[in-house]
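Here is the structure we will look at.
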Protein chains: 2
Amino acid sequence: MRPRISDVARVAGVSTATVSRALSQPELVSEETRALVLQAVEKTGYRLNLAARNLRQNRTGGVLALVPNLANPFFAQILSGIAEVLGPAGYNLLVADTRITDPDTLLEYAEPSRADGLIVLDGGLPAEALRRVPVVMACEWVPALQAPRVKIDNRAAARQAIAHLMALGHRRIGHVRGPRGNVLAEARLAGTREALEEQGLCLDAASLYPGDFSLASGREAALIWLRQDPGLRPTGVFLASDEMACGFMGEVQRQGIAVPGDVSVIGFDDIELIAHISPPLTTIRQPRAEIGRLAARRLLRSLEGGEAACEDELLPVELVLRASTAVPPRA
Amino acid sequence: MRPRISDVARVAGVSTATVSRALSQPELVSEETRALVLQAVEKTGYRLNLAARNLRQNRTGGVLALVPNLANPFFAQILSGIAEVLGPAGYNLLVADTRITDPDTLLEYAEPSRADGLIVLDGGLPAEALRRVPVVMACEWVPALQAPRVKIDNRAAARQAIAHLMALGHRRIGHVRGPRGNVLAEARLAGTREALEEQGLCLDAASLYPGDFSLASGREAALIWLRQDPGLRPTGVFLASDEMACGFMGEVQRQGIAVPGDVSVIGFDDIELIAHISPPLTTIRQPRAEIGRLAARRLLRSLEGGEAACEDELLPVELVLRASTAVPPRA
DNA sequence: AGGCTGAATGAAATCGTTTACATAAGACGA
DNA sequence: TCGTCTTATGTAAACGATTTCATTCAGCCT
């Protein structure tokens with residue numbers, strides 16, 4: 001049988017209260033008692049039962065991350081940042097994939113007896129389900145939910161991407177958007193529109209390609225682009241995710257189109273891989289691990305300090321120039 | 001205040017025992033009582049306190065996955081498979097990154113009061129730390145630990161890759177290995193050696209490149225390869241991970257080498273992206289999500305059925321032919 | 001000396017469930 | 001009709017910690 005706190009108490013010749021204190025609030029017991037207790041712990045091989053502590057303290061010691069797609073490397077790096085902060089602070093990291101988990105179960109998850117707090121990475125969740133515990137949103141956000149958001153300025157980032165293409169001399173510029181309704185996709189699209197309109201250009205329907213952030217949808221966009229009139233189609237394409245940019249570039253290259261000779265391509269996120277393909281992809285870097293760390297710290301503050309201010313935290317992005325963008329081809 | 005089970009009992013006019021039974025073992029109470037209880041639950045807004053249940057039942061309801069690197073998409077997909085099985089079975093998925101977490105904390109994690117079971121994805125962990133709860137190993141494995149392993153036949157898979165290159169006519173074949181001491185890296189290297197030796201060839205030192213599965217190390221291997229005598233260096237290279245293959249191919253392409261015209265490249269894993277770059281990469285597909293699912297099922301069996309047999313589970317791999325391999329260039 | 005303070009400790013209540021055991025009421029066969 | 005089962009329920013004891021409150025004792029001030 002596993003030793004309990006009372007076994008330690010007996011061996012040390014003190015009460016369970018003292019053992020408890022010696023272990024979790026050492027400054028409350030005398031030095032000699034503390035030594036006695038630690039010795040008894042060693043001797044008995046005692047290990048704290050977390051369920052018991054959690055019950056008594058009415059907490060779980062865990063933080064739940066709600067991820068739209070665990071298989072996506074993008075989120076993996078955010079999780080990594082979250083774990084980095086949570087671990088040392090004494091919290092477990094629980095993860096749930098919101099696409100896999102059915103809505104009822106999800107409701108059960110976002111509950112004080114499951115987790116002390118929530119980090120939401122999926123902007124498509126129902127706000128009502130998330131009101132029962134402290135929440136921080138990272139990257140994406142649920143518009144109806146009032147809670148701290150740790151994110152980048154997607155609109156400004158998109159403008160930066162477009163500005164880059166225009167600075168190179170591109171005038172026919174296309175955009176492959178993310179999924180409809182997704183907050184990131186909409187913000188990036190809006191930024192694209194704005195940047196173009198400021199220069200008297202406009203994003204016409206033929207230059208706006210559907211997409212869903214996935215590789216496959218980037219490829220589909222390429223297929224559409226390839227069918228368009230070479231004299232009219234965009235010479236520069238901004239894609240709302242690096243994955244799509246990869247899919248796009250791979251497909252046009254296979255059809256004999258040169259990047260950046262015939263078309264410039266710029267992505268979004270700066271996932272690791274795109275620096276290593278040929279040509280390396282120009283992109284907007286998003287500090288993923290940092291977003292995770294910040295979100296976790298923010299949540300810890302809510303958990304420990306009570307109610308924190310609900311301001312958004314905007315992280316800077318960076319335009320990473322590589323070899324997939326260049327001046328447009330001569331007509 | 002959150003309603004407790006006794007509040008429900010009062011409202012329903014029954015005892016707490018009956019409420020508990022009505023909720024978790026409905027077949028034990030009469031139909032009318034059950035209805036009464038459910039009504040009372042609805043009315044009071046009662047939600048089960050998991051900490052209390054866990055304490056009483058002496059379980060945690062969680063399974064911990066130990067991942068060597070959360071930021072790696074490879075593991076993300078395995079996690080996805082694990083989550084898919086665990087959720088419906090009523091278990092939480094906890095994850096810990098073994099590189100981030102310090103060893104002491106890790107020891108605390110692999111503990112009955114933290115998690116009911118463990119899925120180990122890191123072969124480099126100390127076996128002693130993992131003996132306190134049921135364990136299943138997936139992909140990688142801890143040699144000293146006797147526990148079920150869900151994995152592929154890495155050696156046979158490597159032989160398959162080499163056989164493919166030889167069938168195309170390659171005679172000078174290179175291998176970029178994974179990190180030293182890693183069980184996967186060693187198995188793939190062994191398979192490579194075997195396959196070559198069976199055909200009277202041998203893997204000489206100049207054709208064995210160091211690596212650590214990462215993109216960057218693939219690129220380094222490419223730099224070495226590029227410096228070697230074009231008449232002597234390998235015409236076909238098998239890399240122990242797709243990431244390395246990407247790094248390798250990207251770098252040689254940038255130096256004007258054609259793939260597969262000048263050198264054939266074959267990777268390992270079949271991560272999604274490599275099907276979309278140019279040229280699409282030939283590789284060995286590993287069923288990642290399936291590995292995760294299987295490992296989770298296996299663990300559930302241990303948790304519920306008691307001691308299960310400790311046999312390894314070998315999943316099939318598949319040689320995926322794409323465009324990065326072809327006949328060797330004429331000398 | 002008496003009273004007050006603060007530190008160190010212990011006794012016992014508490015957290016919210018589940019479940020072993022006891023009880024009561026019908027059903028059934030002999 | 002009487003035991004004997006079965007079914008449905010209730011009572012109360014766990015589960016293993018933390019924490020409130022009370023107690024003891026030494027030190028210090030007046």
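Naming convention: chains lettered A, B, ... in sequence-line order (proteins, then strands); numbering from 1 in each chain. Scope of the values below: all heavy atoms of this structure, side chains included, with no hydrogens, waters or symmetry mates.
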### Message
Is it the case that the base of D:dG10 and the side chain of B:R21 share a donor-acceptor contact (distance under 3.5 Å, atom types as modelled)?
### Response
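It does, because a donor-acceptor pair links the side chain of B:R21 to the base of D:dG10 below 3.5 Å.
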Counting any heavy atom closer than 4.0 Å, what does [X] reach on the DNA or RNA strands: base, sugar-phosphate only, or nothing?
X	result
B:S6	nothing
B:R47	sugar-phosphate
B:N58	nothing
B:L48	sugar-phosphate

#### Entry: Closest-nucleotide ordering on DNA chain D, the 5'-leading residue of B:S15 and B:Q57
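In this pair, the answer is B:S15.
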### Task
Measure from the side-chain heavy atoms of A:Y46 and tell me the nearest of C:dT18, C:dG16, D:dA17.
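Among C:dT18, C:dG16, D:dA17, the one nearest the side chain of A:Y46 is D:dA17.
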### Query
Which of the following nucleotides, D:dT18, C:dC15, C:dA12, is nearest to the side chain of A:S20?
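Within the option list, the nearest is D:dT18.
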Can you tell me the distance, in whole Å, between the [atom1] atom of [X] and the [atom2] atom of [N]?
X	N	atom1	atom2	result
B:L55	C:dT17	CG	C1'	8 Å
A:L23	D:dT18	CG	C1'	12 Å
B:D7	C:dT17	CG	P	9 Å
B:R53	C:dT18	CZ	P	5 Å
A:L28	D:dT20	CG	P	12 Å

### Task
May I have the step-by-step check of side-chain hydrogen bond (donor to acceptor under 3.5 Å, both in side chains) for A:N54 and A:T60, ending in yes or no?
CA-CA 5 Å; A:N54 291 343; A:T60 70; 6.0 Å; no
### Task
Between A:R56 and B:S24, name the one whose nearest nucleotide on DNA chain C is closer to the 5' end.
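The residue closer to the strand's 5' end, by nearest nucleotide, is A:R56.
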